[in-house]
Engineer: 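Okay, here's the structure, questions in a sec.
Note that ligands are numbered from 1 as they come in the structure, with each ligand's atoms numbered from 1 the same way. Numbers for residues simply follow the sequence, beginning at 1. Note that this is a predicted model, so its numbers are computed, not measured.
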Amino acid sequence: MIITNDTERADLIEGGKRLAAVLEALRAKAAPGVTTEELDDLAERLIRDGGDGPCFLGYTPEGAGRPYPATLCVSINDEIVHGIPNESVKTLKEGDIVGLDLGLAHNGIIVDAAITVPIGNVDEGSKKLMRATEAALAAGIGAAVPGNHIGDISNAIQKEIEDAGFSVVKELGGHGVGERVHEEPFIPNYGRAGSGELLVEGMVLALEPISSAGKAAVILAPDGYTFRTKDGSRSAHFEHTILLEASGARIITA
Ligand code: MG
């Protein structure tokens with residue numbers, strides 16, 4: 001969406017603050033022995049306690065065969081995104097890396113964010129993968145300036161991930177957000193600087209670099225949602241909703 005007035009702007013900012021607080025509670029809860037379903041239950045309860053609504057639950061993304069059945073996406077190790085926490089319930093183990101992706105609607109305005117968290121001690125390669133992917137998000141945000149183009153974001157993200165020796169997952173990417181969970185424009189995590197749609201003040205975007213420690217190829221699980229790396233390598237995912245202001249991007253879900 002494009003923010004056009006102070007009420008929308010205030011609701012966006014408040015929603016982002018709330019979402020960030022829920023994600024921090026989930027980060028604190030994620031530990032060996034905790035199940036994916038417990039994380040999902042906590043996410044839903046915290047969102048509803050705040051008077052807001054989960055916006056992934058019941059949402060059918062383009063191309064999906066059924067509505068998403070949970071509040072939270074929990075994607076472990078070689079699962080890239082959209083792992084369903086309340087169907088084949090998994091228990092987190094020491095050494096896992098776990099992507100937590102969550103959206104909520106506050107006064108009708110939708111915000112979306114994700115973090116990848118280590119469970120206890122994780123190997124150096126996983127730490128490096130998470131650092132590079134988070135750095136790619138920061139680089140993308142840095143390029144999200146009115147007057148730049150979508151391709152500037154894409155290129156900044158790609159460079160950060162590939163310079164660290166990892167692969168960009170090409171099937172998935174960022175998107176407009178605010179009125180709906182997924183809006184135009186699609187924001188690939190790879191591309192040519194200066195290409196694509198012009199960025200303008202007031203745009204609300206969800207940037208979400210998604211990386212693989214190995215090859216970029218993906219497979220979609222029979223549940224119709226869970227994407228995994230084809231070669232079984234680990235994947236990381238970080239996401240913020242941002243608002244484009246005259247001076248640059250304001251991170252809404254920090
Ligand atoms: Mg998203």
Side-chain angles (χ1 to χ4, degrees), residues 1 12 15-20 22-23 26-27 39-40 43 47 52-64 67-75 79-85 98-106 108-117 130 133-134 136-141 143-144 150 153-154 156-158 161 168-191 197 199 203-212 218 220 224-227 235-244 249-254:
M1 72 182 290
L12 176 74
K17 199 190 292 178
R18 292 176 179 211
L19 179 57
V22 177
L23 274 178
L26 293 170
R27 185 203 295 278
L39 293 175
D40 185 55
I47 288 174
D52 298 321
C55 58
F56 296 170
L57 180 66
Y59 171 72
T60 307
E62 200 180 303
Y68 189 72
T71 291
L72 182 67
C73 298
V74 183
S75 308
E79 294 173 346
I80 300 167
V81 288
H82 305 164
I84 301 174
V98 181
L100 304 170
D101 188 354
L102 185 63
L104 68 75
H106 174 67
I109 303 237
I110 291 174
V111 288
D112 187 3
I115 51 176
T116 300
V117 301
M130 289 188 288
T133 312
E134 198 166 15
L137 176 56
I141 291 169
I150 293 292
I153 298 174
S154 303
I157 288 172
Q158 177 178 21
I161 290 174
V168 167
V169 171
K170 300 211 163 51
E171 286 80 356
L172 301 150
H175 49 92
V177 69
E179 287 175 13
R180 298 186 307 282
V181 177
H182 294 109
E183 298 174 15
E184 294 295 316
F186 179 68
I187 309 169
N189 289 317
Y190 64 99
E197 190 174 328
L199 302 176
M203 270 184 169
V204 183
L205 302 174
L207 304 192
E208 47 181 326
I210 301 165
S211 63
S212 162
V218 307
L220 180 60
Y225 275 100
T226 313
F227 283 92
S235 175
H237 175 210
F238 287 86
E239 178 178 20
H240 274 308
T241 295
I242 61 171
L243 168 64
L244 301 199
R250 170 193 279 255
I251 303 175
I252 294 301
T253 47

Engineer: Would you say the Mg ion (ligand 1) has His182 as a near neighbour, meaning an N/O/S atom of that residue under 2.8 Å away?
Structural biologist: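 No, His182 does not qualify, because none of its backbone or side-chain N, O or S atoms lies under 2.8 Å.
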Engineer: Under 2.8 Å from the Mg ion (ligand 1), is there any N, O or S atom belonging to Glu239?
Structural biologist: yes
Engineer: Phe186 vs Ile150, test: side chain to side chain contact (heavy atoms under 4.5 Å, CB included). Steps then yes/no.
Structural biologist: CA-CA 9 Å; Phe186 179 68; Ile150 293 292; over 6 Å; no
Engineer: So, Ser75 side chain and Gly83 main chain: donor-acceptor pair closer than 3.5 Å or not?
Structural biologist: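 Yes, because the side chain of Ser75 sits within donor-acceptor range (under 3.5 Å) of the backbone of Gly83.
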Engineer: Suppose you place the vertex at the Mg ion (ligand 1); what is the angle out to Asp112 OD2 and Glu208 OE2, to 10°?
Structural biologist: 170°
Engineer: Taking Leu72's backbone N and O only, do any of them form a donor-acceptor pair with Asp40's side chain (distance below 3.5 Å, no angle check)?
Structural biologist: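 Present.
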Engineer: If you count every heavy atom of other residues, nucleotides or ligands that lies below 6.0 Å from Lys17 atom NZ, does the total exceed 12?
Structural biologist: no
